[in-house]
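The structure appears right after this line, and notes come after that.
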Amino acid sequence: MIELKNLTKTFNMTGNPLDARYALDDVSLTIQDGEFVTIIGGNGSGKTTTLNIMSGSLMPDEGQVILSGMDITKMKEHQRARYFGRVFQDPMLGTASEMSCLENLEIAFRRGKRRWPFKWGFSHSTVRLLFQRMLADFSLGLEERLDQKVGVMSGGQRQALTLLMAAFDTRLDTKKEFVDMYVDVQTGPLRAELNSAPKKERKQIRQQINEKKKECQQIARAFYSEKFAEYKKQIAQVKNDEEKVNAYIALSNTFHDFNQDRKILLLDEHTAALDPKTSQIVMDLTDKMVKEKHLTTLMVTHNMRDAIKYGDRLIMFYQGHIIKDFNAEEKKKLKASDLLNIFDEADKMFAK
C-alpha cells in the first residue's frame, strides 16, 4: 500500500513569490496493493507531479510518501528504483538506444539485486531463452530481435520492452516477516520512545533499535540463502535450458509468495506518442501484465475511453486538487461525455 499524505508542491519560475503556482495543494491519496488506478486531468493539474514525487525525481514542499508503512519521502530516486517502475510518454526514454534488446533486459533485471542468479549454471543460451519466453507474450516479434539495437525498433516495440523492464520485480529477497519487523523498527514504539526520551537514555534505545535491525537482516539472509541453496542444487542436476528457466521462474514465484507487496508501476501517458493500433496493443499488454503480476499501478492518460475501460479506479485532478475519485462500480457507469462535463463544471467552480 502507498499513501500520499498532505502533499504540497509549488513552482516559481520568476522568483517572485506572487507568481508561485500550486502544482499540488494538500493532496492526500491511498492506493491499496494490487489496485490499477487511472488518472486524468488537464495540463498542469498535478498528475505528473504526483508520479514524480512518488518516484523520487521531485521532492514535495510539504507532506509524506509512505510505502508499506515506511516513510520514503526523503529516499533518493535511485534507492526507490527497486520499489517503482516507470514508463514515460516518449518511447526513447527508459531504454538505451545503442544497446541491444538483450543488454537492456539484463541491466533492468540486475537492478536492485545483490546476487545475480544466472551465474549458477546459467549459460548465455539459457538467459536468451528466459527473455525470449517473457517477450513472446507481447506478440510483437521481440523474442526474435534480442541482438538488435533498441534504437532501430518501432515506438510500440520500445514501449513494450520498457513496460517489461519496468515491471521486473527486483525485490526477490523481501520476506513478509522481515518487512513487518523493519517497519516496526522504523515506525514502532522504540522509534517513538527514542524521539521523546531524555538525551541520557537515547544511547540505550538506539542500541535496542540496532539489535532489532540486525535481527531483521539475519531473517532475510537465512531465508535468501536457504532458497538459493535449493535453487543451486536443482540447477546443478539439469543440463537442459528449458528446465533451468523453469527452475528460475519457480524460484522467483517462491520469493514473490513472501513479498508483502509487488512492484508499483507508474505509467505517464505511455501510449500517447503511439499510433492508434500500436497504442491499443500496448494498452492490452499493460492490462494483461498488471493483472497477471497483481501490480499496483497508476496510469496517467488523456484518453477518456482508456481511463474508463482500464483499471478499477479513476481519479480526476484539477489545478492541484483531486476533485473526483470513482471506485470500480461507479467507473463502470461512466461515459467519456460524463468526464468532460465534470471538467466543465470544475472550470466554472474554480473560476468564481
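Note that the structure is a prediction, hence the values are computed from the model and not measured. Sequential numbering from 1 along the given sequence is applied to the chain's residues.
Side-chain atoms of Lys9 come within 3.5 Å of backbone atoms of Met59 as a donor-acceptor pair (strictly under, hydrogens ignored). Asn104 places a side-chain N or O within donor-acceptor distance of the main-chain N or O of Ser100, the cut-off being under 3.5 Å. Judged by distance alone, with hydrogens and angles left aside, the side-chain atoms of Asp338 form no donor-acceptor pair with the main-chain N or O of Leu334 at under 3.5 Å. A donor-acceptor pair under 3.5 Å is formed between the side chain of Ser45 and the backbone N or O of Gly42. Proximity of a side-chain donor or acceptor of Ser28 to a complementary backbone N or O of Asn6 within less than 3.5 Å is detected. Side chain of Thr73 to backbone of Val65: a donor-acceptor contact under 3.5 angstrom is found. Distance alone, capped at 3.5 Å, places no donor-acceptor pair between the Asp325 side chain and the Ile315 backbone. Thr38 places a side-chain N or O within 3.5 Å of a backbone atom of Arg313 that can act as its donor or acceptor partner.
For Asp312 and Lys331, the salt-bridge test fails: no basic side-chain N is under 4.0 Å from an acidic carboxylate O. Using a 4.0 Å cut-off between charged nitrogen and carboxylate oxygen, Glu329 and Lys332 count as a salt-bridge pair. Under a 4.0 Å N-O distance rule, the pair Asp284/Lys288 does not qualify as a salt bridge.
Heavy-atom minimum distance, His302 versus Gly41: CE1-O, 3.1 Å.
Within a 6.0 Å sphere centred on CZ of Phe343, other residues, nucleotides and ligands contribute more than 12 heavy atoms.
Hydrophobic cluster membership differs between Ile264 and Ile66, with clusters built from Ile, Leu, Val, Met, Phe, Trp and Tyr side chains linked at under 4.5 angstrom. In the hydrophobic clustering of this structure, Ile281 does not group with Phe88; members are Ile, Leu, Val, Met, Phe, Trp, Tyr whose side-chain heavy atoms approach within less than 4.5 Å, directly or through other members.
Listed by first and then second residue, the side-chain hydrogen bond (donor to acceptor under 3.5 Å, both in side chains) pairs involving residues 148-159 are Thr95-Arg158, Ser97-Arg158, Glu98-Lys149, Arg145-Gln148, Arg145-Gln157, Ser154-Gln157 (not counting sequence neighbours).
In terms of the salt bridge (Lys or Arg N to Asp or Glu O under 4.0 Å) criterion, residue partners of Asp147 (sequence neighbours excluded) are, by chain and number, Arg128.
The NZ atom of Lys291 lies 11.5 Å from the OG1 atom of Thr297; values are rounded to the nearest 0.5 Å. Here the CD-OG1 distance, from Glu62 to Thr10, works out to 9.0 Å after rounding to the nearest 0.5 Å.
Using a 4.5 Å cut-off between side-chain heavy atoms of Ile, Leu, Val, Met, Phe, Trp and Tyr, Leu274 falls into a hydrophobic cluster with Val282.
Checked against Asp268 for a side chain to side chain donor-acceptor pair (under 3.5 Å), the options Thr301, Thr48, Asn52 give a single hit: Thr48.
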